[in-house]
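What follows is one structure encoded as C-alpha cells, with my remarks underneath.
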Amino acid sequence: MSNSSAVLAFDLGASSGRALLGEITSSDHESPGMLKITEIHRFANIPVQMGQHLHWNFPMLLQEVKHGIRKAFQAGYQPVSYGIDSWGVDYGLIDRNGELIGVPYHYRDLRTEGMVEETCEQVGRERLFQESGLQFMPFNTIFQLNAMLKSKSPMLDIADKFLLTPDLLNYFLTGVQACEFTMATTTQLYHVTEDKWNEPLMEELGLSASLFIEPVQPGIVIGRLQDAVAQELGVPAIKAIAVASHDTESAVVAVPANTSRFAYLVCGTWSLLGTELPEPLVHTDVLEEDFSNEGGAYQTFQLLKNIMGLWILQECKRQWENQGLTYSFAELVELAQDAESFRSFIHPDDLRFMNPADMPAEIRDYCRETGQPIPHSTGEYVQCILQSLAMRYREVLERMEVLTGHHYDGLHMVGGGIQNELLCRYTANAMGRTVWAGPIEASAIGNMLVQFVANGTLRNREEGVELVKRSFPLAWYEPESNEDWEAAFQHYKSIVEQQQVQQ
C-alpha cells in the first residue's frame with residue numbers, strides 16, 4: 001500500500017449532510033497505515049413543502065457541497081478527488097438546454113399514493129419483481145415517474161435526461177451527465193438479470209428510454225470540476241469519482257467482516273438489513289418476503305430489506321419538540337431504560353408510520369387497535385420503538401437465512417444509529433446472537449475506500465476492509481436473558497400477525 005493522497009467524501013442523508021476528509025497515514029512494514037477521517041463541513045438537509053408537494057432544497061444541497069469542497073482547501077488539505085453518496089430513488093430532470101426542470105421531489109411526497117397497486121396492475125407484480133429484483137416501496141422511482149405520467153406532468157414532455165441525486169449534483173459540478181450503477185438499481189427500472197435499463201418496461205409505461213444514461217460502475221472517474229466551479233471556489237479542478245453512490249452500498253463496502261458471507265444492518269433514519277451476494281436472487285420466495293436486490297460495488301448485489309428504522313423515533317422527538325418538550329437522544333435512551341420492558345410493540349414497517357402528521361398518535365392508535373397498553377410516558381414510547389425495531393431485525397434476519405440457505409453467527413451493525421447503544425444491546429438480545437457495532441461513519445468510509453482504490457492508493461477492496469479493521473474499534477454486544485426475549489419475540493409476532501389480519 002502506497003502513501004495516501006487525501007479524498008473528500010460527501011455523505012448526504014435524509015436529514016443532514018457531511019463532508020469528510022479521508023487520509024491514510026504513512027505506513028511501513030512495521031506499522032501499517034491507518035485511516036484518519038476529519039469532518040470538514042456539516043449541514044442540515046430540510047425538505048420544503050411547496051404547495052401540495054414535498055421537495056428537496058436542491059440549490060441549497062449543491063451550495064453546501066460547494067462549501068465543503070472550498071472549506072477542505074481552506075483548511076489546508078489537498079484532496080485529489082471527491083465522491084458523493086446519498087439516499088436512493090430520488091432524481092432531477094434536465095431539459096435539452098442542460099437546465100434543471102423544477103425542484104426535485106422528496107421520496108415521502110404523497111403523490112405516489114396508490115401507485116404501487118396501479119403500476120403492478122399495469123405491468124404485473126411478479127414480472128416487475130423478477131426484472132427489477134426490488135421490494136415494493138411506494139417511493140421507488142418507477143412509482144414516482146408513473147405518478148408524473150398519470151398526472152400528465154409537462155415536465156416529462158420537455159425532459160431530455162434523468163439524473164439521480166448524486167449524479168445530478170455531479171453534473172452541476174463537472175458538467176458531465178453520468179449515471180452510477182448502484183443508484184440505477186434503486187429505480188425499479190433496471191433489469192438486474194440482464195444488467196441493463198429495462199427499455200420494454202419503460203415503453204409500456206410511456207417513458208422515453210432516451211432519458212436514461214448507460215450506468216457506470218463505482219470507481220470510474222466521471223470528470224473534474226468544471227473551470228467555472230473551480231474558479232468560483234478558488235480550488236483546483238479535482239476529480240469526481242463515481243463511488244457506490246447509494247449510501248447503503250457505500251456502507252457495505254466498509255463493513256469490517258472476516259468472511260465473504262456476512263449479515264449487516266445499516267442503521268440510521270432507515271434500517272437496511274441484508275447480505276452480499278454475487279448474483280441477484282429473484283425467485284418467488286424473495287418476492288413474497290418482499291426483499292430487494294440492489295446493485296453493489298465490485299460486481300456484487302445486496303439482498304436486503306428496508307425497515308422503517310429510527311425515523312419513527314426522530315419523528316416522535318420532533319413532535320415532542322413542537323409541544324415544547326426538548327430531549328436529546330441520550331436523554332430519550334435513558335428514559336427508555338427506566339421504562340417497563342415488553343409492554344407494547346408496533347410493526348415498524350406498517351405504512352402508517354411512513355410519514356404521519358403525528359407519530360406518537362399513530363403509535364397510540366396501533367397499540368389501541370391491537371389491545372395493548374398505550375404508552376403514556378416518553379420512556380414508554382421510546383422503549384416501544386427500540387424493542388419493536390430489535391424484534392423486526394430478528395424477524396428479517398431469520399427470513400433472510402431461509403432465502404439464502406445460510407446461517408449467520410451474528411450481525412454487523414454500522415452507521416449513525418449504532419451510537420444508540422441500547423438499540424444495539426436490544427438487537428443482540430432479540431436475535432440471541434453477537435452484534436458487532438462499527439464503524440459509525442460507514443457510508444463515508446466506504447465512499448473513501450472506493451476513491452482510494454480508483455486513485456491507486458489501495459490495491460483492492462480487501463485491502464480497504466483491513467484498513468477499516470485497523471482504524472476503527474468495534475463494540476461487541478453479546479445476548480443476555482434470552483428466555484425473556486424469546487417469549488417477548490413470540491408475543492411481538494402475534495401482535496403483528498393480528499394487526500395484519502385486521503387490515
Side-chain angles (χ1 to χ4, degrees), residues 4-26 33-46 57 60-87 165-166 169-170 173 225 233-236 238-241 243-248 250-251 253-256 266-270 310 314 328-330 413-421 437-452 455 457-458 464 467-475:
S4 162
S5 293
V7 299
L8 190 58
F10 289 93
D11 178 31
L12 308 183
S15 58
S16 66
R18 288 85 47 82
L20 298 172
L21 196 287
E23 306 168 279
I24 303 178
T25 59
S26 297
M34 305 275 279
L35 176 58
K36 177 186 177 184
I37 62 175
T38 304
E39 183 175 299
I40 299 294
H41 184 47
R42 180 180 288 263
F43 51 93
N45 182 12
I46 301 170
N57 190 345
M60 180 276 298
L61 284 176
L62 177 61
Q63 192 69 3
E64 295 292 358
V65 170
K66 288 181 177 181
H67 285 332
I69 296 172
R70 180 192 285 121
K71 288 172 73 172
F73 282 92
Q74 286 177 338
Y77 298 103
Q78 297 289 321
V80 297
S81 64
Y82 77 88
I84 301 173
D85 67 78
S86 81
W87 65 94
T165 303
L169 289 163
N170 280 322
L173 293 168
L225 291 181
L233 302 180
V235 303
I238 61 174
K239 291 183 291 187
I241 293 177
V243 295
S245 60
H246 186 207
D247 53 9
T248 303
S250 270
V253 172
V255 172
V266 182
C267 186
T269 299
W270 283 94
L310 288 168
Q314 291 164 357
S328 68
F329 282 109
M413 290 179 66
V414 299
I418 67 172
Q419 295 172 97
N420 188 326
E421 294 182 9
I440 293 169
E441 297 285 3
S443 292
I445 292 167
N447 177 324
M448 293 172 186
L449 296 182
V450 171
Q451 291 187 66
F452 285 133
N455 291 333
T457 308
L458 295 173
L467 177 66
V468 173
K469 290 177 184 176
R470 289 195 302 273
S471 305
F472 304 99
L474 279 182

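Since we're looking at a predicted model, the values are computed, not measured. Computation of the quantities below employed the complete heavy-atom set of this structure, encompassing side-chain atoms and omitting hydrogens, waters and symmetry-equivalent molecules.
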Nearest-0.5 Å distance that lies between atom CD in Gln451 and atom CG in Leu8: 7.5 Å

Side chain Ser250, main chain Ala244, donor-acceptor under 3.5 Å: yes

Residue from His67, Glu64, Lys66 passing side-chain hydrogen bond (donor to acceptor under 3.5 Å, both in side chains) with His41: Glu64

Any side-chain heavy-atom pair of Pro236 and Phe73 under 4.5 Å: yes

Any Val7 side-chain heavy atom under 4.5 Å of Thr457 side chain: no

Distance in Å, Ile241 CD1 paired with Ile84 CD1, rounded so as to fall on 0.5 Å steps: 12.0 Å

Test side-chain contact (heavy atoms from CB on, under 4.5 Å) applied to Phe472 and Ile445, step by step: CA-CA 10 Å; Phe472 304 99; Ile445 292 167; 3.6 Å; yes

Beyond-backbone contact of Leu310 with Thr269, side-chain heavy atoms, under 4.5 angstrom: no

Pairwise side-chain contact, Ile40 with Tyr77, heavy-atom cut-off 4.5 Å (strictly under): yes

Any Asp247 side-chain heavy atom under 4.5 Å of Asp11 side chain: yes

Nearest non-hydrogen partners of Ala9 and Met448, listed with the distance: CB-CG, 3.8 Å

Nearest-0.5 Å distance that lies between atom CD1 in Ile37 and atom OG in Ser471: 9.5 Å

From CA spacing to verdict: side-chain contact (heavy atoms from CB on, under 4.5 Å), Leu169, Leu12: CA-CA 11 Å; Leu169 289 163; Leu12 308 183; 3.4 Å; yes

Contact check, side chains of Leu173 and Leu62, non-hydrogen atoms, under 4.5 Å: yes

Closest approach of Gly22 to Phe452 (non-hydrogen atoms, all atoms of both residues): O-CZ, 3.7 Å

Minimum-distance pair of heavy atoms, taken over all atoms of Leu21 and Pro79: CD2-CB, 4.1 Å

Nearest non-hydrogen partners of Ala6 and Glu23, listed with the distance: CB-CG, 4.0 Å

Asn45 side chain to Gly13 backbone, donor-acceptor under 3.5 Å: yes

Approximate separation, where rounding is to 0.5 Å, of Phe10 CZ and Leu61 CG: 11.5 Å

Ile69 vs Leu225 side-chain heavy atoms within contact, under 4.5 Å: yes

Exam field: side chain Arg70 to backbone Val235, donor-acceptor pair closer than 3.5 Å: no

Main-chain N/O of Gly416 paired with Gln419 side-chain donor or acceptor, under 3.5 Å: yes

Considering all heavy atoms, the nearest Val450-Val243 contact: CG1-CA, 3.9 Å

Exceeds 12 heavy-atom contacts within 6.0 angstrom, atom CD of Glu421: no

Side chain Thr25, main chain Met34, donor-acceptor under 3.5 Å: yes

Distance-only donor-acceptor check, side chains Asn455 and Ser5, under 3.5 Å: no

Any side-chain heavy-atom pair of Trp87 and Thr165 under 4.5 Å: yes

From CD (Glu441) to CD (Glu39), nearest 0.5 Å: 7.0 Å

Exercise: identify the closest heavy-atom pair between Asp85 and Ser443: OD2-O, 3.6 Å

